[in-house]
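First up is the structure itself, then whatever we jot down about it.
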Amino acid sequence: MPAAPRLSVLGRAAGSTVSGLAIALAFPPYDQVWLMPLGLAGLMITIRGLHGRSGFVQGFAFGMGFMLPLMRWITIIGPDAWVALAALEALFYGLLGVGWAWLRTERWWPVAFALTWVGAESLRGVVPVGGLPWGSLAFGLVDTPVVRWGRVGGTALVSLVVVLVVAVLVDVIERRDRSPVGLGGAAAVVALAAGSLLLPVGIAGSDGTTQVAAVQGNVPGEGMDPFAERRAVLDNHATATFDFARKVRAGEAPKPDLVIWPENSTDIDPYDDRSAYDEINAAVRAIGVPTLVGAVVNGPGPTHVRNMGIVWSPTTGPGEQYVKRHPVPFGEYIPFRSLLTKFISRLDQIPRDFARGTFDNVLDLGPVRIGDVICFEVAYDGLIRDAVTGGAQLLVVQTNNATYTGTGQLEQQFAISRYRAIEAGRSVVVAATNGISGIVAPDGTVIAQTEQRTRAVLDESVQLGTGITLGIRVGLWVELALSGLAVVAIVANRLGRRRSPAKIDR
């Protein structure tokens with residue numbers, strides 16, 4: 001009967017979509033981590049017995065089920081942008097589905113599945129236009145011991161361990177393998193997961209402590225217009241700093257060694273606008289310590305601006321700068337602008353592109369060498385790696401994600417910041433315009449955290465580190481090696497099938 005296969009495909013697609021949804025619910029703000037292995041197992045089951053094209057359908061359905069709820073915050077920009085971005089990311093899971101369908105017939109499929117998952121995450125983290133690693137499995141596991149594998153081998157190793165454990169258990173259950181080999185394999189992967197409890201966490205190469213303050217000034221607007229009153233945003237951060245300085249002078253708060261303002265704490269270029277310069281300078285002088293100021297600065301040329309962190313001294317004013325190296329496509333610049341703006345008028349809301357920074361993200365902020373990343377940059381392994389290997393004793397995340405207040409994006413980004421603390425063995429300071437700001441210990445523990453839509457200053461003593469964890473040192477090579485092995489597995493499968501034409505590729 002012709003209808004039966006179609007119903008089967010639809011049934012599988014529904015199962016794959018639900019499996020993707022289960023993965024999404026493991027991430028903040030839902031935090032149902034126990035659903036992650038079930039979601040992975042679900043896709044492994046729905047893709048069994050399929051050829052490559054059907055595998056793509058199942059992988060794409062899984063990707064949509066995963067990405068639509070995970071990135072619901074894109075609806076602030078528009079439902080069409082949300083669906084389009086989710087579909088783009090789902091294509092990578094469609095390609096993963098092709099590989100999994102091919103490899104499912106191999107006896108060693110659990111290992112191959114883990115390798116190809118790492119390969120798919122790596123690929124979507126770099127393409128197109130710089131990629132989007134949002135949704136890497138490690139970022140949803142920050143409150144589990146398994147995430148400690150990131151300190152040993154980076155983000156890719158966390159994904160490998162999780163997918164491998166689930167795949168081996170699915171294989172043993174499917175085959176009802178009670179042989180010593182089967183049970184031994186299951187025991188080995190369970191030990192692999194449980195063994196994460198023995199992995200080290202905490203500061204890497206302790207180098208004393210410092211007192212740091214993170215200023216959250218709050219913003220007057222919401223949604224797409226959080227910075228509609230640009231002067232008010234700057235005023236809020238300056239006022240919060242003045243108030244905090246008075247508390248310090250009154251002995252109500254310890255004097256910090258350094259202060260962090262968030263990304264876009266001034267959208268008015270202090271180099272071009274004297275009143276903005278004077279206001280920032282007065283606030284920094286009031287607190288009396290070096291301050292990292294997030295600013296939007298004009299240039300180069302009339303068609304570009306720069307998103308930067310500026311080291312502002314209370315005695316000499318602005319000094320070192322870090323310019324955001326990974327601006328957000330369609331948020332901070334328009335790829336193929338001359339072509340796309342002819343068809344999408346809404347892109348005119350971004351009249352000038354943010355120029356890409358070309359130098360490192362390590363700055364001397366008074367007595368401390370910091371590694372600065374701005375907003376979404378915290379999700380990119382390479383920028384964190386550059387900061388730590390460049391000598392950063394402390395990691396700083398400046399963010400202005402006020403646009404996404406109440407959507408889950410803030411919680412997701414904060415979870416990534418906590419993962420970076422564990423991976424790098426560094427304290428992390430998150431300064432946000434209106435939340436979530438926080439100070440994170442090197443083991444991922446939250447020392448202090450603000451509420452959203454509030455004005456607040458966090459003032460805490462944090463550990464400094466100079467050591468480089470194995471995950472930072474070899475993480476890139478682990479990722480490349482695992483991705484390379486994924487390609488080898490797929491090529492070996494295809495060549496093996498070509499040599500055995502009688503073999504059914506299901």
Side-chain angles (χ1 to χ4, degrees), residues 23 36-37 39-41 43-44 47 55 59 62-63 66 89 92-104 106-127 131-141 144 146-171 185 188-189 191-193 195-196 199 379-385 389 416 419-420 422-424 468-496:
I23 302 287
M36 185 177 289
L40 291 170
L43 181 61
M44 294 173 189
I47 218 160
F62 171 89
F66 180 14
E89 295 303 309
F92 292 95
Y93 294 100
L95 295 175
L96 175 74
V98 173
W100 277 20
W102 287 342
L103 294 164
R104 194 62 159 84
E106 301 288 353
R107 181 63 192 87
W108 40 274
W109 72 263
V111 175
F113 272 30
L115 292 171
T116 47
W117 182 282
V118 170
E121 280 194 345
S122 300
L123 184 63
R124 76 180 191 87
V126 295
V127 295
L132 182 65
W134 212 263
S136 295
L137 294 184
F139 303 157
L141 295 166
T144 72
V146 179
V147 82
R148 298 180 183 183
W149 285 105
R151 186 180 173 114
V152 175
T155 308
L157 187 58
V158 178
S159 294
L160 180 87
V161 169
V162 173
V163 178
L164 180 61
V165 168
V166 174
V168 169
L169 294 178
V170 168
D171 184 47
V189 295
L192 185 67
S196 58
L199 296 176
Y380 292 86
D381 293 348
L383 294 176
I384 302 299
R385 190 180 303 121
T389 57
I416 298 172
Y419 167 73
R420 295 306 185 191
I422 297 169
E423 176 194 38
I468 301 177
T469 65
L470 193 59
I472 292 294
R473 196 180 299 276
V474 305
L476 174 61
W477 301 109
V478 170
E479 180 181 359
L480 292 175
L482 296 177
S483 299
L485 288 173
V487 174
V488 170
I490 291 174
V491 170
N493 171 270
R494 294 293 86 195
L495 291 177

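For A138 against Y419, the heavy-atom pair with the smallest separation is CB-CE1, 3.9 Å. What you find for L192 and V165 is that their closest heavy atoms are CD2-CG2, 4.4 Å. Here the closest heavy-atom approach between residue V163 and residue L137 is recorded as CG2-CD1, 3.8 Å. In plain terms, the two heavy atoms of A112 and L103 that are nearest each other are CB-CD1, 3.8 Å. Taking each heavy atom of P133 and F139 in turn, the nearest pair found is O-CE1, 3.6 Å. The two residues W117 and S159 come nearest to each other via the heavy atoms CD1-CB, 4.0 Å.
A distance of 9.5 Å separates CD1 in I490 from CG in L115, rounded to the nearest 0.5 Å. Remark: L123 CG to L96 CG distance equals 11.0 Å, nearest 0.5 Å. Note that CG of L132 is 5.0 Å distant from OH of Y380, once rounded to the nearest 0.5 Å.
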Counting only pairs under 3.5 Å, give me each side-chain donor-acceptor contact of residues 470-486, with atom names and distances, residues two or more places apart or in other chains.
residue	atom	partner	partner atom	Å
E479	OE2	S122	OG	2.8
S483	OG	S122	OG	3.3
S483	OG	E479	O	2.8

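Residues satisfying the side chain to side chain contact (heavy atoms under 4.5 Å, CB included) test with A167, not counting sequence neighbours, are M44, W109, P110. Scored by the ring-ring contact (aromatic ring centres under 6.0 Å, His included) test, F92 finds no partners at all (sequence neighbours excluded). Taking the ring-ring contact (aromatic ring centres under 6.0 Å, His included) definition, one finds that W134 meets it with W73, F376, sequence neighbours left out.
Between the side chain of R420 and the backbone N or O of A379 there is at least one donor-acceptor pair closer than 3.5 Å.
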Discussion item. Please determine whether salt bridge (Lys or Arg N to Asp or Glu O under 4.0 Å) holds for the pair D171 and R104, giving the CA-CA distance in whole Å, both sets of side-chain angles, and the decisive distance to 0.1 Å.
Written reply: CA-CA 10 Å; D171 184 47; R104 194 62 159 84; 5.5 Å; no
Item to complete: Mind running side chain to side chain contact (heavy atoms under 4.5 Å, CB included) on L40 and F113 for me, showing each step along the way?
Response: CA-CA 10 Å; L40 291 170; F113 272 30; over 6 Å; no
Discussion item. Using the rule given for side chain to side chain contact (heavy atoms under 4.5 Å, CB included), can you reason through L160 versus W149, listing the C-alpha separation, both sets of side-chain angles and the distance that settles it, and then say yes or no?
Written reply: CA-CA 10 Å; L160 180 87; W149 285 105; over 6 Å; no
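Each salt bridge (charged side-chain N to carboxylate O under 4.0 Å, His left out) pair with one or both residues in residues 146-168, not counting sequence neighbours, would appear here, but there are none. Note on residues 112-127: pairs passing salt bridge (charged side-chain N to carboxylate O under 4.0 Å, His left out), not counting sequence neighbours, are E89-R124.
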